[in-house]
Number of protein chains: 2
Amino acid sequence: MNPKFYDLPQERKQAILNAGFHVFSRNTYKKSPMSEIAEAAGISKSLLFHYFHNKKELYLFLWDTCAKITVEEMTRSGAYEQNDLFGSMDYGMQAKLRLMKKYPDIGLFAVRAFYEKDPEISADIQKSMGKYLDAHAAKKLGKLNPDDFIPGIDLYMMYREMYWASEGCLWEYIQRGALDTDAMEKDFRRLLDFWKSVYLRNNREK
Amino acid sequence: MNPKFYDLPQERKQAILNAGFHVFSRNTYKKSPMSEIAEAAGISKSLLFHYFHNKKELYLFLWDTCAKITVEEMTRSGAYEQNDLFGSMDYGMQAKLRLMKKYPDIGLFAVRAFYEKDPEISADIQKSMGKYLDAHAAKKLGKLNPDDFIPGIDLYMMYREMYWASEGCLWEYIQRGALDTDAMEKDFRRLLDFWKSVYLRNNREK
DNA sequence: AATAGCGTTGACCGATACGGTTAACGGAGG
DNA sequence: CCTCCGTTAACCGTATCGGTCAACGCTATT
């Protein structure tokens, strides 16, 4: 990969990344043409090949960048330091929102890359998968104090439920196309309030 | 579309449908080759063109069949007649499971078809969309008796939460590849129990 | 045994799309 | 005027696309 890519103005770099995320997230690796990516990025195919020597290199670069950016944004959000479960969920979601605003197709791309099985790349993807798997979830679950929640609740199920719901909420907006991040945040807030009102013990006694 | 398709043995019909669902669900309409579908179905491309005169016809047929099959299975499941929310959720999920067992890619296909924007077909899809939109959800929500649930609960949010969670649960299994329906059903039962224990009022007082 | 009908296929068609290369353009700096 | 360099149009050989067509092989009837 040509280091000159890094010298590009932020705007153009982002356009290229987003073009890549977009095309690769809508088709198999093999059926995602470089020409289409170049066109989506607003540059010529030749220039794209100037920065990335071949398709595989671009794809793997996108994958790495995707992981890097996500981890960065999540760390910066402070979600991992937060002790309160709902607070950490809140920060995490905000981080995801910021990410989706900058890279609208990064989520879809990550999912497809995760399950891509083209022999030309699947091995490389699997190798660097570790960065993505969220080890925080298990830790977080273990640290929860059952006394904070309604008696007898299945905490593991609660966590899965929350994860699925927030993911589902996100997807609903992603699929719709142009994403309205303000509406999304409002929606997510309502989810958070719902959780608190249902799962927390002190809220019950009011 | 050639009516002789209906005379085919069930097994072969299903193989063709599944091949179509599979290929179209993994790529854009334009990038989903008929040859690949034929190969996945275990027949020659020529024979596929014998039953469906062109790609568009096949795609639209798949879309209609997808809607028809789903409505059929859901109706037969008795989910719509069930008054109890959780019972109806239970029956609905069972129906989906049976469906996914027979047509593993029908869910993915439906989602992609829903958001497909190729001008050659998007209009036709949008036109027949009504069959899919679930009008039952709103009705169901209106009929719920708030006294059955914990005081002050946001019933709309509860419904969305349940929908997302069950959808998320399904996806987790779909993506994994070969789907273990027994494990899925067990998992879903646990979800149901969790919901009952958290949302229902009488459960709280024990 | 010859024939007719039918499900099925391999081979083929023209058009296009693919990944990747190359030579050249055009503007800025000396 | 020359040189550098970001950028591109044009090009290459190959592969793939949707769709067609003639023929194969099997069965049933004559």
Side-chain angles (χ1 to χ4, degrees), chain A residues 1-17 19-63 113 116 118-122 124, chain B residues 1-17 19-63 113 116 118-122 124:
Chain A
M1 175 261 186
N2 191 333
K4 282 174 190 169
F5 176 75
Y6 291 119
D7 301 336
L8 253 40
Q10 170 70 12
E11 199 179 292
R12 195 166 232 199
K13 261 188 291 188
Q14 200 168 310
I16 294 178
L17 291 177
F21 289 146
H22 183 88
V23 175
F24 280 125
S25 69
R26 270 151 188 84
N27 289 100
T28 313
Y29 168 76
K30 215 183 77 180
K31 304 245 173 87
S32 297
M34 291 291 269
S35 53
E36 206 169 300
I37 296 172
E39 194 192 337
I43 62 174
S44 70
K45 192 177 61 161
S46 328
L47 190 53
L48 188 56
F49 271 105
H50 179 64
Y51 292 126
F52 304 94
H53 305 92
N54 54 50
K55 192 157 106 166
K56 185 177 171 182
E57 190 181 284
L58 169 60
Y59 188 86
L60 261 20
F61 177 81
L62 284 173
W63 170 254
E116 174 69 60
D118 192 301
E120 197 178 338
I121 46 164
S122 70
D124 302 76
Chain B
M1 176 264 185
N2 191 331
K4 283 175 189 168
F5 176 75
Y6 291 120
D7 301 336
L8 253 40
Q10 169 70 11
E11 199 178 292
R12 194 167 234 197
K13 261 189 290 187
Q14 200 169 310
I16 295 177
L17 291 177
F21 289 146
H22 183 87
V23 174
F24 280 126
S25 69
R26 269 148 188 86
N27 289 101
T28 314
Y29 168 76
K30 215 182 79 182
K31 303 242 173 89
S32 296
M34 291 292 268
S35 53
E36 207 169 301
I37 296 173
E39 195 192 336
I43 61 174
S44 69
K45 192 178 61 161
S46 328
L47 190 52
L48 188 57
F49 271 106
H50 179 62
Y51 292 125
F52 304 94
H53 305 93
N54 53 51
K55 191 158 108 167
K56 184 177 171 181
E57 190 181 283
L58 169 59
Y59 188 86
L60 260 22
F61 177 81
L62 285 173
W63 170 254
E116 175 68 61
D118 193 299
E120 197 178 338
I121 45 163
S122 71
D124 301 78

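Since we're looking at a predicted model, the values are computed, not measured. By convention in this document, chain letters (A, B, ...) are assigned in the order of the sequence lines, proteins followed by strands, and residues within each chain are numbered from 1.
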message = Please report the distance, rounded to the nearest Å, between CD1 in A:Ile37 and P in C:dG20.
response = 11 Å
note = Closest to the 5' end of DNA chain C, once B:Leu48 and A:Lys56 are matched to their nearest nucleotides, is B:Leu48
remark   = Atom CG of B:Asn2 and atom P of C:dC6 are separated, to the nearest Å, by 12 Å
message = Just the rounded figure in Å: distance from C1' of D:dC11 to CZ of A:Phe49.
response = 14 Å
query = If you check every side-chain atom of A:Asn54, which of C:dG20, D:dG18, C:dC18 has the closest atom?
reply = C:dG20
ask   = Expressed in angstrom and rounded to an integer, what is the separation of A:Glu39 atom CD from D:dT8 atom C1'?
value = 15 Å
task = Examine distances only and state if a side-chain atom of A:Lys55 and a backbone atom of A:Ser32 form a donor-acceptor pair shorter than 3.5 Å.
result = yes
task = Return yes when atom CD of B:Glu39 has more than 12 non-hydrogen atoms of other residues, nucleotides or ligands closer than 6.0 Å, and no otherwise.
result = no
note = B:Glu57 CD to D:dG19 P, in whole Å, measures 10 Å
ask   = For the base of D:dA9, is there a side-chain donor-acceptor partner from A:Ser46 under 3.5 Å away?
value = yes
message = From the set C:dG10, C:dG19, D:dC17, return the single nucleotide nearest to any side-chain atom of A:Pro33.
response = C:dG19
ask   = So does B:Tyr51 get a side-chain nitrogen or oxygen closer than 4.0 Å to the phosphate oxygens (OP1/OP2) of C:dT8?
value = yes
ask   = How close or far is atom P of C:dG19 from atom OH of A:Tyr59, stated in whole angstroms?
value = 14 Å
query = Ignoring hydrogens and geometry, is there a side-chain-to-backbone donor-acceptor pair from B:Glu116 to B:Tyr29 under 3.5 Å?
reply = yes
key: Phosphate-side-chain proximity, B:Lys55 and D:dG19, N/O vs OP1/OP2 below 4.0 Å   = no
ask   = Can you tell me if the side-chain N/O atoms of B:Lys45 get under 4.0 Å from OP1 or OP2 in C:dT9?
value = no
key: More than 12 heavy atoms from other groups under 6.0 Å of CD on A:Gln10   = yes
inquiry  = Quick check on side chain to side chain contact (heavy atoms under 4.5 Å, CB included): which of A:Tyr59, A:Phe24, A:Phe52 does A:Ile37 satisfy it with?
reply    = A:Phe24
remark   = Rounded to whole Å, the CE-C1' distance (B:Met34 to D:dT20) equals 13 Å
query = So, is A:Ser35 near the phosphate of C:dC18, with a side-chain N or O under 4.0 Å from OP1 or OP2?
reply = yes
message = Nearest whole Å is fine: how far is D:dA15 P from A:Lys31 NZ?
response = 16 Å
